[in-house]
Amino acid sequence: MTTTLHATDVHPAWLPDAAFEPVARRGAVLVVPDGAARAGVDTDEVLDALGAEIDALGPYDGEPALLLELSGGGPVEGEESFRLRRERGRLTVTAGSSRGLLHGFFHVVRLGDAAFTGPDADESHAPAAALRMLDHWDNVDVHPVMGQVERGYAGGSIFYADGRVREDLSRVRAYARLLAAVGIDRVAINNVNVHAREARLLTDDLGEVARIAAAFRPYGVRVHLSVSFAAPMTVGGLETSDPLDEDVRAWWRAAADRVWEAIPDFGGFVVKADSEGQPGPFAYGRDHADGANMLAEAVAPHGGLVHWRAFVYDHTQDWRDRSTDRARAAYDHFAPLDGRFAAEVVLQVKHGPLDFQVREPVSPVLAAMPATRLALELQVTQEYTGQQKHAVYLGTAWSEVLRWRPWGDAGASVADVVAGAGGFAAVSNVGDDRFWTGHPLAQANLYAYGRLAWDPALDPVDILDEWIDLTFPGAPDALRAGLHLILDDSWRTYELYTAPLGVGFMVRPGHHYGPDVDGYEYTPWGTYHFADRDGVGVDRTRATGTGYTGQYPEPWRDVYESLETCPDELLLFFHHVPYTHVLHSGTTVIQHVYDSRFEGVERVERMVRTWESVADLVPVDVAVRVRERLAEQLRSATEWRDQVSTYFLRKSGIPDEHGRTIY
Ligand code: GCW
């Protein structure tokens with residue numbers, strides 16, 4: 001279904017020409033620091049003045065409605081902030097930097113006509129968090145098992161082809177523009193699993209990386225590289241990678257000096273260490289603060305960052321050993337290190353304790369490290385949520401994570417925890433597919449990620465409205481309603497037909513698409529459901545289980561510990577219960593398994609019907625691609641329903657009250 005050819009005719013996503021029309025029609029003027037206005041904003045002039053490319057904004061007829069004002073210092077602080085004033089339908093965007101001005105400009109584009117028609121106003125805007133990054137798990141070469149983009153479902157890499165950085169980076173520029181329009185400010189351009197070829201990006205290929213950085217630069221997006229902890233040995237020829245070894249430290253310092261010499265605004269390094277076979281400090285008896293701080297020392301003189309991932313666990317676990325709990329791992333490894341990380345280190349923490357499952361509790365690490373700079377890691381690429389064959393809008397799921405309050409209602413939210421100097425990182429869902437994301441509706445996830453990283457308080461359904469307005473300018477009400485019907489609750493729909501009640505996985509090993517209830521049950525990966533003839537679920541209580549509930553502060557450590565208070569949707573994540581256990585919803589676990597699988601498929605059938613009723617309101621290529629994907633979603637959801645239901649009928653011997661489940 002996806003093509004490995006570089007798409008030449010690329011879909012404009014949320015920046016079609018028509019999205020600029022409300023601004024272009026009224027005209028815009030750029031005001032540069034010396035006060036001289038530049039009329040009729042012309043692409044080249046804006047490039048010169050802002051270091052940024054903005055589409056030509058239409059003829060200047062002397063009465064522009066938008067003034068873009070670059071002020072030296074100006075009324076608002078912060079490199080990315082901007083001020084927006086509206087006086088009698090005339091807008092002034094003021095910022096102290098070209099990045100701030102770009103954010104302000106795209107803010108106006110997003111609002112469209114409404115930007116000009118509202119009452120007089122004077123507002124200041126700034127991102128909630130400094131770091132709003134996308135990670136690409138792209139390989140330079142095509143990996144024999146993982147392909148070119150690990151967990152990529154939208155074709156090949158936009159950065160690399162034929163074993164090298166692409167000659168033509170126009171696609172990267174277009175991507176940078178899309179990212180700027182939603183406020184993304186950093187991109188890591190290679191896989192966190194760093195293979196031999198990719199390790200050379202840090203050395204021989206620096207000139208090529210500099211070309212990629214140049215494509216992003218006009219849009220205020222900085223480039224980062226994933227590096228291997230073993231690089232001093234594999235590319236440096238040293239005999240050790242011990243973080244406390246002086247030669248190793250000197251090697252990293254020299255490596256960093258070279259990178260920043262080639263790319264003065266380089267962002268920093270991303271590191272996956274001691275995780276799923278990647279090298280790390282444990283081999284030398286050192287801990288992750290030792291490892292991260294060594295890199296911090298190398299990047300510090302350049303103002304760089306080290307994104308160090310907390311995704312550390314034992315992937316060679318014995319399934320017979322029920323006391324080892326993968327969910328505990330990140331906290332056990334990292335919480336004791338709070339306060340020891342250097343200021344340049346950003347600890348990048350997956351939103352849940354396992355691995356981007358459709359439903360997980362929020363990682364307790366986020367509440368355990370007040371003295372550490374934290375970034376929340378999300379997965380825009382739909383590894384476990386339908387691989388961009390299923391329409392699953394993740395804005396709703398992320399918003400739940402961001403609004404969750406680890407210390408109870410009166411305490412801070414996850415969004416508060418990562419605000420300020422910390423921030424967000426997410427695995428991109430983009431490839432060289434003509435629609436960028438395989439499934440055209442998966443563009444909404446990339447859009448929503450950027451918007452939530454800028455402002456975590458946004459309502460995810462409102463974000464969909466913005467995305468619809470921009471992507472389908474002038475969308476008739478029927479199309480808007482149809483897209484909402486399909487997407488608003490699609491995350492919960494996916495949850496309904498896949499693994500039940502937070503138990504997770506049940507996917508086919510390796511590629512992770514489609515059901516295989518016992519696929520991971522007897523493997524070393526630590527992702528079990530423990531279904532037997534009497535019950536299912538993982539006992540993670542302090543009383544009788546792995547003790548994981550104890551990693552949460554009050555009140556959640558007790559809420560999750562108790563069967564009475566544990567939320568239904570996470571029941572099997574925290575407890576092993578009999579099939580006859582009655583949920584808060586009033587139904588038994590086994591009947592819930594049946595009912596929700598059937599409801600999930602019915603909802604997908606409705607999605608298909610809804611699409612058919614609106615498909616002729618969108619361009620035919622979009623209509624066809626979405627139709628094709630929805631057909632596969634329905635096939636796959638049915639397979640999930642039948643395998644999961646029959647599996648539990650056979651295990652439990654308890655029939656479906658409605659007689660739908662086949663033995
Ligand atoms: O979920 C797992 C994925 C791996 C990925 C890993 C990680 C890049 O299956 O493909 O490796 O997470 O986050 O490092």
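Sequential numbering from 1 along the given sequence is applied to the chain's residues. Start at 1 and go down the list; that is how both ligands and their atoms are numbered. Computed from heavy atoms alone, side chains included, the values below leave out hydrogens, waters and symmetry copies.
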*Are R171 and W436 in a cation-pi contact, defined as NZ or CZ under 6.0 Å from the six-membered ring centre and within 45° of the axis?*
yes
Could you go through residues 500-511 and list every donor-acceptor pair under 3.5 Å that involves a side-chain atom there, pairing it with any protein atom two or more places apart or in another chain?
residue: R508; atom: NE; partner: P515; partner atom: O; Å: 3.2
residue: R508; atom: NH2; partner: E639; partner atom: OE2; Å: 2.7
residue: H511; atom: ND1; partner: Y513; partner atom: N; Å: 3.0

*Note: R635-E632 ion pair, threshold 4.0 Å (strictly below)*: yes
*With sequence neighbours excluded, tell me which residues meet salt bridge (charged side-chain N to carboxylate O under 4.0 Å, His left out) with D287.*
R340
_Test salt bridge (charged side-chain N to carboxylate O under 4.0 Å, His left out) applied to D355 - qualifying residues, sequence neighbours left out_ = R326, K350
*State whether a side-chain donor-acceptor pair under 3.5 Å links Y313 with E276.*
yes
*How would you list, by chain and number, the residues with a heavy atom under 4.0 angstrom from ligand 1?*
W137, E150, R151, N191, V192, N193, K272, E276, R309, F311, K350, D355, E383, Y384, H512
